[in-house]
Chemist: 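Dropping the structure in here first, questions after.
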Amino acid sequence: NLPLLGVSQVTAPGKFYEWKQRPTFLPLITAGQAPIFGTRDQILQAISSPDFRPAAQAYFDVQLKSRLRVQGPARATLRDVACSASRIAFTVEAGSPCLVVIAQTHYPHWRARIDGRPAEIFPVNHAFQAVETGPGKRSVVLEYVDPYFRAGCGVTLGTVILLAGLYGCAFRPKREKRGSPSYRPGG
């Protein structure tokens with residue numbers, strides 16, 4: 001029963017087609033957690049514990065301790081949240097530097113911008129994403145940018161254009177020119 005997953009509904013017990021509200025779920029994006037550092041095993045044990053409070057705690061690998069500025073919890077408010085398959089945008093307002101945790105899988109092709117400037121995305125709670133924001137009102141955008149996918153689209157488009165050109169050349173009717181030996185006027 002992990003509230004950090006952001007799952008708001010589950011199938012009702014014994015009723016495959018009926019949904020039941022899950023009262024302990026957290027939204028996709030939460031802010032203000034206190035960072036806690038540990039090893040991979042310690043993090044897995046901590047987030048599996050009934051004492052884990054994902055709205056107040058965020059677990060990071062101990063190796064990230066020197067890269068994070070946030071020292072403790074912060075009061076933060078999230079607004080204007082907009083999500084799509086490849087983009088998440090929101091505004092966060094906090095009185096001090098704060099963490100923002102996004103309950104989606106940490107993956108290297110996600111890019112973050114805070115107030116238009118590139119920002120680092122940290123792995124948090126074993127598998128999710130987090131960004132750090134400074135105090136005040138901040139605009140945060142995460143976008144999925146996969147260069148391999150874009151390259152594959154370019155190769156596919158180039159191949160389609162090449163094949164269409166070859167097809168057009170192969171099946172174009174041949175026209176004979178006047179004055180050639182096989183040309184016979186009127187007949």
Side-chain angles (χ1 to χ4, degrees), residues 2-9 22 24-49 51-155:
L2 295 173
L4 76 152
L5 294 178
V7 177
S8 65
Q9 296 187 7
R22 208 170 147 254
T24 60
F25 86 97
L26 288 176
L28 175 69
I29 305 165
T30 54
Q33 292 91 333
I36 301 171
F37 299 93
T39 65
R40 187 176 181 90
D41 289 339
Q42 289 169 333
I43 292 169
L44 281 173
Q45 187 176 21
I47 66 173
S48 300
S49 165
D51 298 328
F52 176 47
R53 297 182 339 261
Q57 304 166 321
Y59 283 89
F60 293 88
D61 191 290
V62 71
Q63 295 175 351
L64 296 174
K65 191 171 189 172
S66 64
R67 291 175 29 204
L68 284 169
R69 296 180 323 245
V70 174
Q71 301 296 310
R75 292 186 62 119
T77 305
L78 292 164
R79 291 187 174 88
D80 306 320
V81 176
C83 300
S84 69
S86 61
R87 187 173 194 271
I88 298 171
F90 55 91
T91 302
V92 61
E93 193 166 352
S96 61
C98 80
L99 291 173
V100 179
V101 174
I102 300 98
Q104 78 171 356
T105 304
H106 183 266
Y107 191 70
H109 293 306
W110 282 95
R111 303 288 181 257
R113 296 184 81 71
I114 298 174
D115 294 334
R117 290 185 216 98
E120 186 170 4
I121 300 174
F122 299 96
V124 66
N125 295 338
H126 185 69
F128 294 153
Q129 299 174 327
V131 294
E132 281 186 297
T133 66
K137 188 175 182 179
R138 305 288 179 198
S139 172
V140 181
V141 176
L142 281 82
E143 291 184 302
Y144 186 80
V145 180
D146 188 344
Y148 302 112
F149 177 76
R150 289 181 178 183
C153 287
V155 168

Chemist: Hey, what do you get for CZ (Phe90) to CG (Leu142), rounding to the nearest 0.5 Å?
Modeler: 6.0 Å
Chemist: Does the side chain of Pro54 come within less than 4.5 Å of Val101's, by heavy atoms?
Modeler: no
Chemist: For Gln57 and Arg53, indicate whether the former's side chain and the latter's backbone hold a donor-acceptor pair under 3.5 Å.
Modeler: yes
Chemist: Keeping Ser49 on the side-chain end and Gln45 on the backbone end, is there a donor-acceptor pair under 3.5 Å?
Modeler: no
Chemist: If you measure from CH2 on Trp110 to OG on Ser86, what distance do you get to the nearest 0.5 Å?
Modeler: 6.5 Å
Chemist: Kindly give the heavy-atom pair with the smallest separation between Leu28 and Cys83, and that separation in Å.
Modeler: CD2-SG, 3.6 Å
Chemist: Find out whether Leu99 and Pro35 are in side-chain contact, i.e. whether some heavy atom of one side chain is under 4.5 Å from a heavy atom of the other.
Modeler: yes
Chemist: Could you grab the distance from atom CD1 of Ile88 to atom CD of Gln129, nearest 0.5 Å is fine?
Modeler: 6.5 Å
Chemist: Are the side chains of Thr77 and Arg79 in contact, using a 4.5 Å heavy-atom criterion?
Modeler: yes
Chemist: Under 3.5 Å, which donor-acceptor pairs do the side chains of residues 133-140 form with other protein atoms, sequence neighbours left out?
Modeler:
{"from": "Arg138", "atom 1": "NE", "to": "Pro135", "atom 2": "O", "distance (Å)": "3.2"}
{"from": "Arg138", "atom 1": "NH1", "to": "Asp115", "atom 2": "OD2", "distance (Å)": "3.0"}
{"from": "Arg138", "atom 1": "NH2", "to": "Pro135", "atom 2": "O", "distance (Å)": "2.8"}

Chemist: Going by heavy atoms in the side chains, are Thr91 and Leu78 under 4.5 Å from each other?
Modeler: no
Chemist: Drop me the distance from Phe122's CZ to His106's NE2, to the nearest 0.5 angstrom.
Modeler: 9.0 Å
Chemist: Going by heavy atoms in the side chains, are Val145 and His109 under 4.5 Å from each other?
Modeler: no
Chemist: State the NZ-CZ distance between Lys65 and Phe60, to the nearest 0.5 angstrom.
Modeler: 12.5 Å
Chemist: Got more than 12 heavy atoms from elsewhere within 6.0 Å of CZ, Arg75?
Modeler: no
Chemist: Locate the shortest heavy-atom distance separating Leu26 from Ala55; write the atom from each residue and the value.
Modeler: CD1-N, 3.9 Å
Chemist: As a quick check of understanding, evaluate salt bridge (Lys or Arg N to Asp or Glu O under 4.0 Å) for Glu143 and Arg87, giving each step before the final call.
Modeler: CA-CA 4 Å; Glu143 291 184 302; Arg87 187 173 194 271; 3.4 Å; yes
Chemist: Before we go on, tell me: are the rings of Tyr59 and Phe37 under 6.0 Å apart, centre to centre?
Modeler: no
Chemist: Any sub-3.5 Å donor-acceptor pair from Arg69's side-chain atoms to Ser66's backbone N or O?
Modeler: no
Chemist: Drop me the distance from Gln63's CD to Thr39's OG1, to the nearest 0.5 angstrom.
Modeler: 10.0 Å
Chemist: Between Pro97 and Val70, which heavy-atom pair has the shortest distance, and what is it?
Modeler: C-CG2, 3.9 Å
